[in-house]
Structure formats: C-alpha cells, structure tokens
Amino acid sequence: MPAYIVLFGPPGAGKGTQAQAISQKLSLPHISSGDIFRENLKSHTELGKLAETYMSKGNLVPDDVTIAMIRERLTRPDCKNGALLDGFPRTVAQADALAAMLAEFQGGVNAVPFINVPEAVLVERLTGRWTCRAQGHIFHEKNNPPRIAGHCDFDGSELYQRDDDKVETVTNRIRVYFKQSGPLIEYYRQRGVLVEVDGARPIEQVTEDLLAALPTE
Ligand code: AMP
C-alpha cells in the first residue's frame, strides 16, 4: 500500500527544509505545491501566471486549480509508493479531495507531522530565508547559512529571496494560514494521524523528532 505523509505547519515552520532532509530516508518523493507553482511561474505557463496573482499577495491559489495540479503530480510513476506532501493540503476542501483521490490510489494519509513554531518566530524565519534558483533548496541567513554566501551548497546556483518572503507579504501569509489552514489541525487530529513536533528546536533535532514520530514499516 502506498504511504502518504503530509508535512503540516505554518509558513516558516521548516516544512521544506525538513522535507529535503527526510524524503530520501523515507524513500518518498518530496511534493511541494509551492515549488510546483514556482516552477510554473519560471516557465511562464498559464498555471504559473494564474498562481502568481495569488502568491504575490500571500493568498491561496483556488482549491480546484491546486487540487487538479496535485492530482496530476501524484499519478506520476515516481509516486507509486506514496509521497511526502509539503504545503498541501491547506484547506479542508483540499484535505477532503486528497482523501478521495488517495482512496482511488488504494491509500490514505498515514501521518501528518505538525511542525509547530510560535508565531513570533515565523516572521524572522521567513524574512531571513534564501532559496536556491535551480532547485528550491532552502537556507537562512542566520539559522542555516550557506557555506558560500549567495550560493547553494547543493548545486552552486544563485540564492534569491522569494517575493512572498518580503515582510509585506509574510504577515498576510501567516494570517491566511491561521484562518484557512488552522482547521486542518483538528481535522487530522480527529482522524488519529496528527503528530505534533516542536519546530522551534534546531534543524537536525527536528529531523530526528520527525523520523521518530513517523510510522516505520
Ligand atoms: P509555499 O512554498 O508552500 O509557502 O507556497 C507559496 C504560495 O503558493 C502560497 O502562499 C500560496 O499562494 C501558493 N500555494 C502553495 N500551496 C498551496 C495550496 N495547497 N493551496 C493554495 N495555494 C497554495
């Protein structure tokens, strides 16, 4: 049976950083809805242009568009044993749609690690974040600096600040998270799959906690 893990938490909780660290260990592909939107943006697709209008303001891309995009991604061959989802679902409608599509794939959401970080820390994390142009690797100017300033440790490409990591947009993203994604905590808790992890600890410790919290075969 395929295994699907949903990394959940506010923007700035470290979902992308942790997904990078654990996806290989779990032998599951890292599927980030934000990364897919950004790739579309980079290649000027219609989806990218549409998503931009929402992303630039820190709002959510409409559910129908996002759900169709994730569905397409999850049907690709590399997801045959499951996936590590990062940034999806973000609304109850998306979570319902995910449950329905995974049932079709003979699976379900196995675990939802909730990386919890106090709100006060999120702004500092997001506004200090630098992202790699080529593959989206994530660094932080203070907490996780690259070895060579301005360059990705993994592929040497240029590091840039995401437009939506600028302070004006960050505040709205956090507000949107509490309003639209907050109800998912209860949603997954009621379904018995939520595991809370303290995301304020150092990166390596959060990775260890996550791996310990996840079901092993
Ligand atoms: P992220 O990289 O996860 O922080 O996502 C960046 C932006 O992409 C978000 O602020 C939204 O505008 C959009 N986005 C990513 N995932 C979703 C989703 N599941 N539903 C709606 N919008 C999303």
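All ligand and atom numbering here is 1-based and tracks the order in the structure.
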Evaluate side-chain hydrogen bond (donor to acceptor under 3.5 Å, both in side chains) for N116 paired with D198, printing each intermediate quantity in order. CA-CA 5 Å; N116 201 0; D198 178 1; over 6 Å; no
Pair T131, Q161 - check side-chain hydrogen bond (donor to acceptor under 3.5 Å, both in side chains), show working. CA-CA 6 Å; T131 302; Q161 187 181 36; over 6 Å; no
Distances under 3.5 Å, N/O of ligand 1 against N/O of the protein: list each pair and its distance.
| from | atom 1 | to | atom 2 | distance (Å) |
| --- | --- | --- | --- | --- |
| ligand 1 | 2 (O) | R38 | NH1 | 3.0 |
| ligand 1 | 2 (O) | R38 | NH2 | 2.9 |
| ligand 1 | 2 (O) | R162 | NH1 | 3.3 |
| ligand 1 | 2 (O) | R162 | NH2 | 3.3 |
| ligand 1 | 3 (O) | R90 | NH1 | 3.1 |
| ligand 1 | 3 (O) | R90 | NH2 | 3.2 |
| ligand 1 | 4 (O) | R90 | NH2 | 3.3 |
| ligand 1 | 4 (O) | R162 | NH2 | 3.1 |
| ligand 1 | 4 (O) | R173 | NH2 | 3.2 |
| ligand 1 | 12 (O) | N59 | O | 2.6 |
| ligand 1 | 16 (N) | S33 | OG | 2.8 |
| ligand 1 | 16 (N) | G87 | O | 3.4 |
| ligand 1 | 16 (N) | R90 | NH1 | 3.0 |
| ligand 1 | 19 (N) | G87 | O | 2.9 |
| ligand 1 | 19 (N) | Q94 | OE1 | 3.0 |
| ligand 1 | 20 (N) | Q94 | NE2 | 2.9 |
| ligand 1 | 22 (N) | V61 | N | 3.0 |

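Note that R191 lies in the cation-pi zone of Y187, set by a 6.0 Å cut-off to the ring centre and a 45° limit from the axis.
Electrostatic pairing of K49 and E52 does not count as a salt bridge here, judged by no charged N lying under 4.0 Å from a carboxylate O.
For the pair D164 and N172, the minimum side-chain heavy-atom distance is 4.5 Å or more.
Screening residues 97-139 for ring-ring contact (aromatic ring centres under 6.0 Å, His included) gives F8-F114, H137-F154 as the qualifying pairs, with residues at least two apart or on separate chains.
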